[in-house]
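Numbering of residues begins at 1 and proceeds along the displayed sequence. Note that ligands are numbered from 1 as they come in the structure, with each ligand's atoms numbered from 1 the same way.
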Amino acid sequence: MNRARRVSPLGPASPTVATVVTFATVATVLLATTAPSALAQTVAAPTNASGTVANEPTPLAYFLHGAGPAAKPVLHLDWILTGICSFVCVVIAVMLGIALWRRRKDEEAKAITEGGGLNFVFIGTGISVVALLGIAVYMLIVLARVADPPHEPAFTITVTGYDWWWKVDYGKGDGDRHFTTANEIHIPVGVPVLVLLKSADVIHAFWVPQLQGKTQAIPGLVNRQWLEADLPGMYRGQCTQYCGVQHAHMAFEVYAEPQAQFDRWYAAQLRGAPAPATAQVSRGSKLFDERCAGCHTIRGSAAAGVQAPDLTHVGSRRLLAAGTLVNTTENLMDWIQHVQKIKPGTLMPDMKLTPAEAGDLSAYLATLR
Ligand code: HEC
Ligand SMILES: [Cu+2]
């Protein structure tokens, strides 16, 4: 029996055509979803009165939008790498398809002689080597481009990773310009800010995907990074090095604001807490000094603990406990009394409070705006 070899009905040129079409489709979809209108909508996420952020970015939004001179080159690298990898997958799938389609009959297969088809191996290896080397060089170029900010940083902040929250120091070593906050970073839009990264315990990693790559925070070492956003808005950040049970709840937010708004925020953060104005607030303040001051600081009061977030302006933050809860009065009181249910294993104990104590403390905390 000598049946004619089956020939692909598509003809020899069609695999290439199919690949090109698939690749073009992928590229078009990517480009369409990154149109400027989509970008502005997802990235600009102003806080509204109720404290919720409109258009909160989705976790993978960083693949579609970058918002700064450090993010853009990385974004393009992402797309090109994805394009190349998808292209390779498609080519291999098509070749596999052709091989299956043109499969030899069993008796013919036995007749295959050694050494046949080796050219394909040489050509394939050659193409792979060239492509991988090209990618490696391109990656190094991108790394070099984003290593330093395009111009002098406007100022420096120090970010320290703790299990499981971030301490943020502004104006460190600058006397009356220094203050400490937690889990919320504000930067002026359009200028680079230098970030010195430290750790108080284990290795953490600081990552604001839409603005920058990842940088580790290592005990005993000071690493550097810089942040710059082209557009005002909120950019979510996350610890990206596993650091213990609550690693997933170690998020933070970066707010890029016009300079004047940033200056107002800075001035407000510099102020200490107001002196208690009512008897209830005064009782709450005393309770805080007794129960919480061993760990927490409130500037302008006697509380000066250093192992936990500075609470002087806790009311000004959108989220509580490194992105775990939205900061509302109910959530705040729930947090204080049920820490270990909300964020099990975290380094603050549940605080047992009588209803009267809870009322006093709540009244006091409400003054910390
Ligand atoms: C043993 C130390 C300790 C004590 C005592 C303590 N806390 Fe905390 N507190 C922490 C730590 C650590 C965190 C950070 C938890 C995290 O996010 O993982 C924290 C977080 C918080 C936060 C969230 C802060 C933020 O920026 O999101 C609030 C609010 C808070 N504590 C209030 C209190 C109050 C009020 C008391 C007293 C009734 C108190 N804490 C007692 C250690 C303590
Ligand atoms: Cu972590």
Return yes or no for this condition: an N or O of Arg317 is under 3.5 Å from an N or O of ligand 1.
->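 N/O-N/O distance below 3.5 Å exists for this pair.
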Do ligand 1 and Thr346 have nitrogen or oxygen atoms that lie under 3.5 Å from each other?
->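 So ligand 1 has an N or O lying under 3.5 Å from an N or O of Thr346.
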**Request:** Just to the nearest 10 degrees, tell me the angle at the Cu ion (ligand 2) spanned by Cys239 SG and Cys243 SG.
**Result:**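 It is 170°, given to the nearest 10°.
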Protein residue, atom and distance nearest to [atom], heavy-atom basis:
atom: atom 22 (C) of ligand 1; result: Trp335 NE1, 3.1 Å
atom: atom 17 (O) of ligand 1; result: Lys343 NZ, 2.9 Å
atom: atom 27 (O) of ligand 1; result: Ala321 N, 2.6 Å

Gap between atom [atom2] of [Y] and atom [atom1] of [X] - 0.5 Å precision:
X: Asp174; Y: Lys172; atom1: CG; atom2: NZ; result: 13.0 Å
X: Thr180; Y: Lys167; atom1: OG1; atom2: NZ; result: 6.0 Å
X: Arg224; Y: Leu194; atom1: CZ; atom2: CG; result: 5.5 Å
X: Met351; Y: His338; atom1: CE; atom2: NE2; result: 13.0 Å

Item checked: Evaluation steps, side-chain contact (heavy atoms from CB on, under 4.5 Å), between Leu270 and Arg177 -> CA-CA 7 Å; Leu270 274 177; Arg177 293 285 292 161; 3.7 Å; yes
- Item | Aromatic Phe179 / basic Arg271 pairing, under 6.0 angstrom, 45° off normal |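 No, Arg271 does not lie over the aromatic ring of Phe179.
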| field | Single hit among Gln216, Lys214, Met250 for side-chain contact (heavy atoms from CB on, under 4.5 Å) with Gln241 | value |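 Among Gln216, Lys214, Met250, the one that satisfies the side-chain contact (heavy atoms from CB on, under 4.5 Å) with Gln241 is Gln216.
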Quick one: which ligand 1 atoms are inside 4.0 Å of a heavy atom on [X]?
X: Arg291; result: 5 (C)
X: Trp164; result: 16 (C), 17 (O), 18 (O)
X: Leu320; result: 27 (O)
X: Leu332; result: 29 (C)
X: Leu347; result: 1 (C), 2 (C), 12 (C), 42 (C)

- Contact with ligand 1 for Gln246, non-hydrogen, under 4.0 angstrom: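 Heavy atoms of Gln246 never come under 4.0 Å of ligand 1.
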> Would Pro349 count as a contact of ligand 1 if the rule is a heavy atom under 4.0 Å away?
Replying inline: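 Yes, Pro349 has a heavy atom closer than 4.0 Å to ligand 1.
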Can you tell me how the ring of His296 sits relative to the ring of Phe288, calling it parallel under 30°, perpendicular over 60° and tilted otherwise?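 Ring orientation of His296 relative to Phe288: tilted.
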If the plane angle is over 60° it's perpendicular, under 30° parallel, otherwise tilted; pick one for Trp166 and Phe252.
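If you compare the ring of Trp166 with that of Phe252, the planes turn out perpendicular.
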Going by side-chain heavy atoms closer than 4.5 Å, which hydrophobic residues are tied to Leu221, directly or by a chain of links?
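Via sub-4.5 Å side-chain contacts, Leu221 links to Ile203, Ile218.
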Does Thr181 form a side chain to side chain donor-acceptor pair (under 3.5 Å) with Arg317? I'd like the steps, not just the answer.
CA-CA 9 Å; Thr181 181; Arg317 303 204 264 275; 3.0 Å; yes
Around atom 8 (Fe) of ligand 1, how many protein N/O/S atoms fall inside 2.8 Å?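 My tally for this metal is 2.
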Between Phe262 and His186, is the ring centre distance below 6.0 Å?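 Judged by ring-centre distance (under 6.0 Å), Phe262 and His186 do not meet the cut-off.
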